[in-house]
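Each chain gets a letter, A, B and so on, in the order the sequences are listed, and its residues count up from 1.
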Amino acid sequence: MGYRVHVTVNGTPREAEVEARLLLVHFIREVLGLTGTHIGCDTTNCGACTVLLDGRPVKSCTVFAVQADGRDLMTVEGLARDGELHPIQEGFHERHGLQCGFCTPGMMMTAYALLQRTPAPTEEEIRWAIAGNLCRCTGYVNIVEAIRYAAEKLRGAPVTTGRGS
Amino acid sequence: MATQAHGMGHAVKRKEDARFLRGKGTYIDDITLPGMLYLDIVRSPYAHARITAIHTEKALAIPGVLAVIMGRDLDRYGLAWMPTLMSDRQMVLPIDTVLYQAQEVAAVVATDRYTAADGVAAVEVDYEPLPAVVDPRAALRPDAPVLRQDRAQKTNHIWHWEVGDREATDRAFREAEVTVAQDLYIPRIHVSSIETCGCIARWDPVEGKLTLWMTTQAPHAIRTVVALVAGHLGLAEHKIRVIAPDIGGGFGGKVPVYPGYVLAVAASVLTGRPVKWIEDRMENLQADSFARDYHITAELAATKDGRLQALRVKTIADHGAFDAAANPSKFPAGLFSICTGSYDFRTAFAEVDGVYTNKPPGGIAYRCSFRVTEASYTIERMVDILAHELGIDPAEFRLRNFIRLDQFPYRSALGWTYDSGNYEAALRKAMERIGYWDLRREQAERRRRGELMGIGISSFTEIVGAGPSHTFDILGLKMFDSAEIRIHPTGKVVARFGTKSQGQGHETTYAQIIAHELGIPEDDIVVEEGDTDTAPYGLGTYASRSTPTAGAAGAVAARKILDKARKIAAYLLEAREDDLVWERGRFHVKGSPERAKTIQEIAFAAYTNHPPGLEAGLEAVAYYDPPNLTFPFGSYICVVDIDKGTGEVKIRRFVAVDDCGNIINPMIVEGQIHGGLTMGLAPALYEEITYDEHGNMLGGSFMDYLLPTAVETPRWETDKTVTPSPHHPLGAKGVGESATVGAPAAIANAVIDALWHLGVRHIDIPITPWKVWKVLRERGVTE
C-alpha cells in the first residue's frame, strides 16, 4: 500500500506516493529523477548517498522515503545557484578534489554541512567531518584542500594558493 | 575570445569536473530506458556444494517477477560457461556444483529492483555441501578434493611458470658469502571502487543489435569476447555496441566479465526488453575478482660487504575457482618477473604455481600492472631484510646496488629491458626532502628512551604501457592502443580514443597532448572514449597504459595531421613545404614570420580550398604499438611511530618522489600519486579478505572490510625527478599505479625497522595493531 510523501527538494515542493519500504536514496534517484546522489555500499559506510535532511547530513541509503515526509531535502543538484558553482564545488574543481566523481556529491554535501556549523575548520576537523565518506581515487589530501578553499571563500578570506606541502 | 593552448606540463583544470560537480555525470545506474526490467541474482551460501534442486514456483508467483534463469536454461544455448581472460572457463550459472561462496546460482528478472530482490528471496535452492578447499597449499596435496571436475583435471594445480636461469642462480646461492630467505604472504584484497559493477543490456530483435551499457575498462575487448562467445546465437561483432559511460573507479576490477553482465544479455534476449543489473556492495565484495593472494618464499644472495648477486623466488598463487586473472597471455604470473626491481642482479630465477581453491576467481591487478605490486613488495622487503642483517643502512644498501645511470637501457636478469632510470637521484631527493639522517639520529635517541620509531624505504621500478604486440596480447588481441583526431572546418576537434577513463582525467590529459602537438586550445578539443560504435579499436585502460599507449597514439595521429597541414599551408602560402616553419599553432615561411597560416585557417582550407589532388578533410587515426614498455620509478620514505600499548602504527610522514618521465598535467599526476599512495596504505595496514576453513568469507561489507578514511590517511608529501622515456613520442611513462606498487613496502619496512632491534624480522601485511601488539607482548615490551 502506498504512502504519500511531501518534501521540499532544493527549494521546490514535490510529492509522490511510495511503498513504505522505499529507501530515500531510491526516492531521490528514481522518483524525483535526481541522479547526482549515488549508491556505494548500502550500509551507511561509504557516504556516496549523503544528502541534507533539514540541514543535517544523512546517508540516504538507510533512511526510508516516508521518514522524509514534511521535511526539507537538499541534494548536490541544489548546490549551484543561478548556474554559478557553490564555493564548495569551485573548491573541488580548483584543488583537484575529485577524480572519478562518484563519491564527490556525498563528499560535498558533508562539507556543506560542516561549513555551516564550523566556518573555519582545522585540517583535523575537516578530516573527521568527512571520515564517513570514502574516496578510493584521491587520497583525501586534495579534498581537504578543496574544503579549506571553500571555507576561506565563504568567509570572505583571501584564498591561499598552494598547499605548503 | 581566443583561448590558449597550454599543452604539456601545465596544471590545466579538468574538463570532466563540470558534470561531476553538478551531479550530472552519467554512471551506469543513472541510465533508465523505456520498458526496462531489473535483474537480481541468487547466490550460493556455500563455498563448495552440489545443487540438487532449484525451486522457482514461489518466486514466479510474485506479481512483477517475469522469469527465473538457471544454469540449465543457459546450457541449452551453450552459455552456461564463458571463457576467462586466461583461457580458462568460468560458470555463468552452475548446472550442478558451486565452487565459491556468493557464486551466482540463478537470476530473477522483474519489473523493478525491489520486486527482483523479493524474487531472489523466494527462490529455494537445495544444496548438498561438499568439503571446501581454502588454503592453496592444502589444495596441492594429493588427497585434496579436485575442484574442477569439468576440466578433467587430476589436481588443483593450474600451471607452473618459471623465468630466469635456475642453474646459475642455484650455483650463485651455493657459493654466496651471505644469503637470506623469507616467507611473505600478500593477502587477498579487493579494489572496492565506490561504484559497484553493473550493466544494461538491450537486445533489439528487429535490428538484430545488442547494446550493452557496462562498467568496463575495456569496451572493445568485451565486444570481441561477446562476439566470439555468442556468435552462434547471431551476436556478430558489428551488431554489438558496448558503451562504457562515466565510471566510478575501476582499479582493475572492471576489466573482467562477470556472470551478471552475461545474465543481463540473456535476460534481454529472453524478454525482448532492456534489462539492468547493478551489484550491491556485498555482492561486489564477495564475488568480484580479487587481487594478490601470493604465498612467496624469496631469497637473496650477496657478498659480505653488501653487493647483491642473485635472487630466487618461489610462489604459490591462489586463483580461486576459475583462473580469471587479467594478464597478457604469455605471462601466466603477469609481470611478476620484474621482481629484480631497481637492482643490478647477475642472475635470478622466479617460479610461480597457480592453484584452484574454493574462492571467487582471483588474480586481477588491483591498481597494478599485472602483479608488479607483488614483485615490488617482495624485492623491497627482501632488500631491507638483507641490509638489516648485514648492519648496513637500508638507504646506503640501495645506493650501493642500484642499476646505475650509465647502465640504461638495462637488460634485467629476468629479461626486461628497462628504458631509462635514475634511481640514485630519486632516493637522494627523497632522503633530502624528509631529512633522512636527522631522522636516523632521532630514531637512535628515541630507541634509547624505549620508544618505537621506524623509517622505511621503497625504491621501486614499475613496468607499464602494455604493450609491445610481439609479447603482449590478451586472448590473442594485441595490446596496442588507438586515437582518432578529427579537425572540423572551424578548427574545433573531436578526438576519440580506445581507452576508457575511470577518473584518471583523460578528457583533459588527451586534450593537452593534442593541444601540445597542434597548438589548438584545449577548450576547442572534445575527447570521447568508451563507445565501440565511435571510438577506434583499443584495449582499454588498466595497468597504467593510457598515456604510454593511447597518449602516444594521440601524439602520432596529431603528427600525421601536421604532415597534411604542412602541404595545405604550403599551397596557401605558395611556398615549398621545406620552407615552412612550424611554431605550434601556425606555419610561417622561413625568414618571413608575417607570411603565416594558423592551424585553424589550414583546417578551414582543408574543407574549402585544399590543394588539387589532395584529399579533403583534416583527420588521422593512429594505432600505436609501443616498441617497449616504459619503466617509471620512485623512492618513497615513510616514518612511523608505534604505540607500545596498542600496537597501532601511526604514519608520521610519507615522502614520495616519483619519476614518470615527462609530465603532461602535474596536477593530475599528483592526484594519481595521492590516490595510489592511499591504495598502497590500505593493504599495508587495513585491507584483507579472509575466509574460515569452510570457505565462508569473514567480512563481506564495508563494516568489516576496512578502507582508509581521511582520518587514517596521512598528508602525503610528493616530489619528482624527470627521466624521459627514450622511446615514447612524448617522453612520458605513465603513473596511475606507481604509488600503489611502491607504498606497501615502504610502510612495512618502516614498521619492521621500528621493531628490528627486538628481533622482529617480518610481519605480513596488513600490519594490524593486533599483530604488532602480539609481537610486542611476546618480546615483553608490553603487558
Top contributor to chain B interface from A/Leu23, A/Val144, A/Ile130 [non-hydrogen pairs under 4.5 Å]: A/Leu23
Side chain / backbone / both / neither for B/Lys24 at chain A, heavy atoms under 4.5 Å: side chain
Measuring heavy-atom distances to chain A, does B/Thr32 have an atom under 4.5 Å in its side chain, in its backbone, in both, or in neither? neither
Considering only heavy atoms, which portion of B/Thr678 lies under 4.5 Å from any heavy atom of chain A: side chain, backbone, both, or neither? side chain
Side chain of A/Asn142, backbone of A/Glu145: donor and acceptor closer than 3.5 Å? no
For A/Glu124, is it the side chain, the backbone, both or neither that has a heavy atom under 4.5 Å from a heavy atom of chain B? neither
For the interface with chain A, which of B/Leu677, B/Ile668, B/Asp246 has the highest count of heavy-atom pairs at distances below 4.5 Å? B/Ile668
Rounded distance [0.5 Å steps], CG in A/Leu52 versus OG1 in A/Thr110: 8.0 Å
So, the part of A/Ile126 with a heavy atom under 4.5 Å from chain B: the answer is neither
Just wondering, do B/Ser192 and B/Phe702 contact through their side chains at under 4.5 Å, heavy atoms? yes
Checking heavy atoms, do the side chain of B/Glu195, its backbone, both or neither come under 4.5 Å from chain A? both
Could you tell me whether the side chains of B/Asp118 and B/Thr115 share a donor-acceptor contact shorter than 3.5 Å? no
Answer with side chain, backbone, both or neither: which region of B/Ala18 has an atom nearer than 4.5 Å to a non-hydrogen atom of chain A? neither
Please state whether the side chain, the backbone, both or neither of B/Glu279 comes within less than 4.5 Å of a heavy atom of chain A. neither
Nearest-0.5 Å distance that lies between atom CG in B/Asp288 and atom CZ in B/Arg281: 9.0 Å
Which one of B/Ala710, B/Ser193, B/Gly671 has the most heavy-atom pairs closer than 4.5 Å to chain A? B/Ala710
Any ion pair linking A/Asp54 and A/Arg71 (charged N to carboxylate O, less than 4.0 Å)? yes
Is it true that the side chains of A/Thr37 and A/Thr75 contain a donor and an acceptor less than 3.5 Å apart? no
Applying a strict 4.5 Å limit to non-hydrogen atoms, the region of B/Tyr114 in contact with chain A is both
Side chain, backbone, both or neither: which part of B/Met679 has a non-hydrogen atom closer than 4.5 Å to chain A? side chain
Which of A/Gly139, A/Gly36, A/Cys100 touches chain B most, by non-hydrogen pairs under 4.5 Å: A/Cys100
Does any backbone or side-chain atom of A/Ile88 lie under 4.5 Å from a heavy atom of chain B? Answer side chain, backbone, both or neither. neither
Part of A/Glu123 within contact of chain B (heavy atom distance under 4.5 Å): side chain
Hey, which of A/Leu98, A/Asp42, A/Val76, A/Thr104 has the most heavy atom pairs under 4.5 Å with chain B? A/Leu98
Side chain, backbone, both or neither: which part of B/Arg19 has a heavy atom under 4.5 Å from chain A? neither
Counting only heavy atoms closer than 4.5 Å, note whether B/Leu285 contacts chain A via side chain, backbone, both or neither. neither
Report which part of B/Pro708 has an atom under 4.5 Å of a heavy atom belonging to chain A: side chain, backbone, both, or neither. both
Side chain, backbone, both or neither: which part of A/Ala131 has a heavy atom under 4.5 Å from chain B? both
Rounding to 0.5 Å, atoms CZ (A/Arg4) and CD (A/Glu17) come to a distance of 5.5 Å
Of B/Lys500, B/Glu16, B/Glu529, B/Arg14, the one forming a side-chain hydrogen bond (donor to acceptor under 3.5 Å, both in side chains) with B/His506 is B/Glu529
Is the B/Tyr705 ring parallel, tilted or perpendicular to the B/His190 ring (thresholds 30°, 60°)? perpendicular
Option that, when pairs with chain B are counted at under 4.5 Å, heavy atom only, ranks first among A/His96, A/Gln99, A/Met108, A/Arg136: A/Arg136
Taking atom CD of A/Glu125 as the centre, does the number of heavy atoms from other residues, nucleotides or ligands within less than 6.0 Å exceed 12? yes
Any Lys/Arg nitrogen of B/Asp29 or B/Arg113 sitting under 4.0 Å from an Asp/Glu carboxylate oxygen of the other? yes
So which heavy atom on A/Val7 is nearest to which on A/Ala68, and how close? CG1-O, 3.1 Å
Hydrogens and angles aside, do B/His674 and A/Tyr140 bring a side-chain donor and acceptor to less than 3.5 Å of each other? no
Report the option among A/Ile143, A/Ile39, A/Leu22, A/Leu34 that has the most heavy-atom pairs separated by less than 4.5 Å from atoms of chain B. A/Leu22
Select one option (side chain, backbone, both, neither) describing which atoms of A/His38 are under 4.5 Å from chain B's heavy atoms. side chain
Given the options A/His26, A/Glu77, A/Glu90, which has more heavy-atom pairs under 4.5 Å with chain B than any of the others? A/His26
So what's closer than 4.5 Å to chain B heavy atoms on A/Leu79: side chain, backbone, both or neither? neither
With a 4.5 angstrom heavy-atom cut-off, could you sort out which part of B/Thr713 is near chain A: side chain, backbone, both or neither? both
A/Tyr112 vs A/His86 aromatic rings, parallel, tilted or perpendicular, using cut-offs 30° and 60°? tilted
With a 4.5 angstrom heavy-atom cut-off, which part of B/Ile247 approaches chain A: side chain, backbone, both or neither? backbone
All heavy atoms of A/Pro105 vs all of A/Gly101, minimum pair found to be CD-O, 3.4 Å
